[in-house]
J.: 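Would you mind keeping the following structure in view while I ask a few things?
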Amino acid sequence: MERFDMTSAYSGESLQISRGDVTISVTDLSGDGPPLLLLHGLAGSSREMLATADALIDSFRVLLVDQRGHGRSTRRPEDLSREAFVADIVAVMEQVVPGERCVLVGQSMGAHTAFLTATARPDLVDRLVMLEGHVAGNDDPDQATMLGRYFASWPVPFADEATAREFLGDDAIVDAWVADLEAGPDGLQPRFEADVMERTIRAVHEPRWAEWEALEVSTLAVFAMDGMFSEAQKDELIRRRPATDRVDLAGGSHDAHLDAFPEWIRVLRAWLRPETC
């Protein structure tokens, strides 16, 4: 599996967008072209999207966003509704790139946030790309509980990065998790809270078919070979909204932006800028 350096530093302008009791951390990497926002998945941060950003910066003004409860944004927000996540992204677009329509690219939960934002504010969104994202939700309440228990099981603080890797394993997302660990007086801590992750994903698990079928924005759905969704689930997404473009990657896991990076970038660039790719 190809690995990317997750320890590289953010090189753009750091911005803080305030919304009530929540602060959303944004990194403006600049770049040539229209604005493009990258949205990470659950328990991740904008750091895991840096490689994707670097591949797009020649054609877009790239903005990296830490969604509420993640990364360098407010760690324990009271409101974890999907509507709150959408309002955050709307605030970022209106304050950082006022008057411009943005491309939204998201993975997993970030794809879900991006889709709901595009549905709610099509006037602000030019195009939408969903990597390993879906709108059907999950009718098993135990799934959110199990995720919360998993994150709560981390024996934190970790003494060092090696200890963290030994516990977390070798999945593609682990490099991003380890790079994001925050040093404290007793060791390394993740930049999220287990119960916040559980509450966040529980809201994502609510079905959103009405919003999907009403979506007006040009949309690409990208799925990985070894991703999270079944063929029936992928097919239903397109059946419910036939105008959606769909690409199935020849490799990759749910975190295909990390472990199928070259193919992901080829697909993304070709769809976003077909005239230059």
Side-chain angles (χ1 to χ4, degrees), residues 4-29 36-54 62-82 84-93 95-96 104-114 117 131-133 147-148 150-152 154 156-158 161 164 168 171-184 187-201 203-204 254-255 257-258:
F4 296 92
D5 181 12
M6 292 293 178
T7 65
S8 58
Y10 294 90
S11 58
E13 180 184 5
S14 180
L15 307 171
Q16 301 295 315
I17 306 298
S18 295
R19 292 195 58 251
D21 64 343
V22 173
T23 298
I24 302 301
S25 178
V26 180
T27 302
D28 184 353
L29 297 179
L36 181 147
L37 274 67
L38 290 172
L39 299 176
H40 61 83
L42 185 77
S45 79
S46 56
R47 182 184 297 279
E48 70 186 72
M49 308 304 290
L50 277 170
T52 297
D54 286 344
V62 181
L63 304 174
L64 293 166
V65 181
D66 284 334
Q67 295 177 82
R68 59 173 54 207
H70 296 75
R72 297 172 296 174
S73 292
T74 297
R75 188 182 185 100
R76 185 175 283 282
E78 181 177 347
D79 189 352
L80 291 169
S81 67
R82 293 278 75 206
F85 279 78
V86 167
D88 292 341
I89 304 308
V90 170
V92 169
M93 292 190 289
Q95 294 186 40
V96 181
L104 298 184
V105 179
Q107 184 264 342
S108 192
M109 180 203 73
H112 196 270
T113 303
T117 303
L131 172 62
E132 280 287 303
L147 270 173
Y150 167 65
F151 292 125
W154 290 18
V156 296
F158 295 113
E161 290 189 4
L168 295 172
D171 290 338
I173 192 62
V174 170
D175 284 343
W177 279 341
V178 171
D180 242 5
L181 291 172
E182 186 175 23
L188 301 175
Q189 296 271 5
R191 293 180 185 268
F192 59 81
E193 302 286 351
D195 64 311
V196 172
M197 297 301 97
E198 180 177 342
R199 290 168 56 203
T200 297
I201 201 64
V204 175
H254 186 59
D255 297 301
H257 60 304
L258 302 176

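Note: hydrogens, waters and symmetry copies are ignored here, and every other heavy atom, side chains too, is used.
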J.: So, taking the atom named CG in D175 and the one named CG in D180, what distance separates them when rounded to the nearest 0.5 Å?
T.: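 Answer rounded to 0.5 Å: 11.5 Å.
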J.: Which value, rounded to the nearest 0.5 Å, describes the distance between L38 atom CG and L50 atom CG?
T.: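 Going from the CG atom of L38 to the CG atom of L50 covers 9.0 Å.
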J.: What heavy-atom pair brings F85 and T200 nearest, and what distance separates the two atoms?
T.: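 Closest heavy-atom pair between F85 and T200: CZ-CG2, 3.7 Å.
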J.: Could you tell me the separation between the CD atom of E48 and the CD atom of Q107, rounded to the nearest 0.5 Å?
T.: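 If I round to the nearest 0.5 Å, the distance is 6.0 Å.
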J.: Mind checking whether T27 and R72 have side chains closer than 4.5 Å, heavy atoms only?
T.: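 SC-SC contact between T27 and R72 confirmed.
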J.: With sequence neighbours excluded, what pairs up with S108 under the side chain to side chain contact (heavy atoms under 4.5 Å, CB included) test?
T.: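 For S108, the residues satisfying side chain to side chain contact (heavy atoms under 4.5 Å, CB included) (neighbours in sequence not counted) are H254.
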J.: So, for A152 and A194, which heavy atoms are closest and what is the spacing to 0.1 Å?
T.: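 Heavy-atom minimum between the residues: N-CB, 3.4 Å.
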J.: For the residue pair M49 and L39, establish whether any side-chain heavy-atom pair is separated by less than 4.5 Å.
T.: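 Side-chain contact under 4.5 Å: no.
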J.: Just jot down the ring-ring contact (aromatic ring centres under 6.0 Å, His included) partners of F192, sequence neighbours excluded, or say none.
T.: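 ring-ring contact (aromatic ring centres under 6.0 Å, His included) check on F192 returns F151, W154.
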J.: Identify, with sequence neighbours excluded, every residue that meets side chain to side chain donor-acceptor pair (under 3.5 Å) alongside H112.
T.: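 For H112, the residues satisfying side chain to side chain donor-acceptor pair (under 3.5 Å) (neighbours in sequence not counted) are R82.
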J.: Can you name the salt bridge (charged side-chain N to carboxylate O under 4.0 Å, His left out) partners of E198, sequence neighbours left out?
T.: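 For E198, the residues satisfying salt bridge (charged side-chain N to carboxylate O under 4.0 Å, His left out) (neighbours in sequence not counted) are R202.
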J.: Evaluate side chain to side chain contact (heavy atoms under 4.5 Å, CB included) for T117 paired with V90, printing each intermediate quantity in order.
T.: CA-CA 7 Å; T117 303; V90 170; 4.2 Å; yes
J.: Ignoring hydrogens, what is the shortest heavy-atom contact between G133 and A111? Give both atom names and the distance.
T.: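 Scanning both residues completely, I find the closest heavy atoms to be CA-CB, 3.8 Å.
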J.: Is there side-chain contact between D171 and D255, with heavy atoms separated by less than 4.5 Å?
T.: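 D171 does not reach D255 side chain to side chain.
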J.: Does the side chain of S46 reach to within under 4.5 Å of the side chain of V65, using non-hydrogen atoms?
T.: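 No. Closest side-chain heavy atoms not under 4.5 Å.
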J.: Would you sort out whether H70 and L42 count as a side chain to side chain contact (heavy atoms under 4.5 Å, CB included), showing the intermediate values?
T.: CA-CA 8 Å; H70 296 75; L42 185 77; 4.1 Å; yes
J.: Kindly say whether E78 contributes a backbone atom to a donor-acceptor pair with the side chain of R68 at under 3.5 angstrom?
T.: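 No, because the side chain of R68 does not come within donor-acceptor range (under 3.5 Å) of the backbone of E78.
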J.: On a heavy-atom basis, which atom in A53 and which in V62 lie closest, and how many Å separate them?
T.: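 Shortest heavy-atom contact: CB-CG1, 3.6 Å.
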J.: So, for I24 and S73, which heavy atoms are closest and what is the spacing to 0.1 Å?
T.: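 Of all heavy-atom pairs spanning I24 and S73, the closest is CA-OG, 3.4 Å.
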J.: So I173 and L258, do their side chains get closer than 4.5 Å, heavy atoms only?
T.: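 They are in contact (side-chain heavy atoms under 4.5 Å apart), so the answer is yes.
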J.: Is the shortest side-chain N to carboxylate O distance from D66 to R47 below 4.0 Å?
T.: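 No salt bridge links D66 with R47.
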J.: Using salt bridge (charged side-chain N to carboxylate O under 4.0 Å, His left out) as the criterion, list what pairs up with E182, not counting sequence neighbours.
T.: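 Checked E182 against salt bridge (charged side-chain N to carboxylate O under 4.0 Å, His left out); matches are R75, R191.
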J.: Assess the residue pair L147 and M197 against the criterion (side chain to side chain contact (heavy atoms under 4.5 Å, CB included)); give the C-alpha distance rounded to whole Å, side-chain angles, the decisive distance to 0.1 Å, and a yes or no.
T.: CA-CA 8 Å; L147 270 173; M197 297 301 97; over 6 Å; no
J.: What donor-acceptor contacts under 3.5 angstrom involve side-chain atoms of residues 16-23, with partners at least two apart or in another chain?
T.:
| unit_1 | atom_1 | unit_2 | atom_2 | d |
| --- | --- | --- | --- | --- |
| R19 | NH1 | D88 | OD1 | 2.6 |

J.: Please list, chain by chain and in numerical order, all residues satisfying salt bridge (charged side-chain N to carboxylate O under 4.0 Å, His left out) with D79, sequence neighbours excluded.
T.: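 Result, salt bridge (charged side-chain N to carboxylate O under 4.0 Å, His left out) vs D79: none returned.
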J.: Is there a side-chain contact between V196 and R76 in this structure, where contact means two heavy atoms from C-beta onward sitting under 4.5 Å apart?
T.: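 Sidechains of R76 and V196: in contact.
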J.: List in chain and number order the residues that pass side chain to side chain donor-acceptor pair (under 3.5 Å) with T52, two or more places apart in sequence or in another chain; answer none if no residue qualifies.
T.: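 T52 satisfies side chain to side chain donor-acceptor pair (under 3.5 Å) with W264 only.
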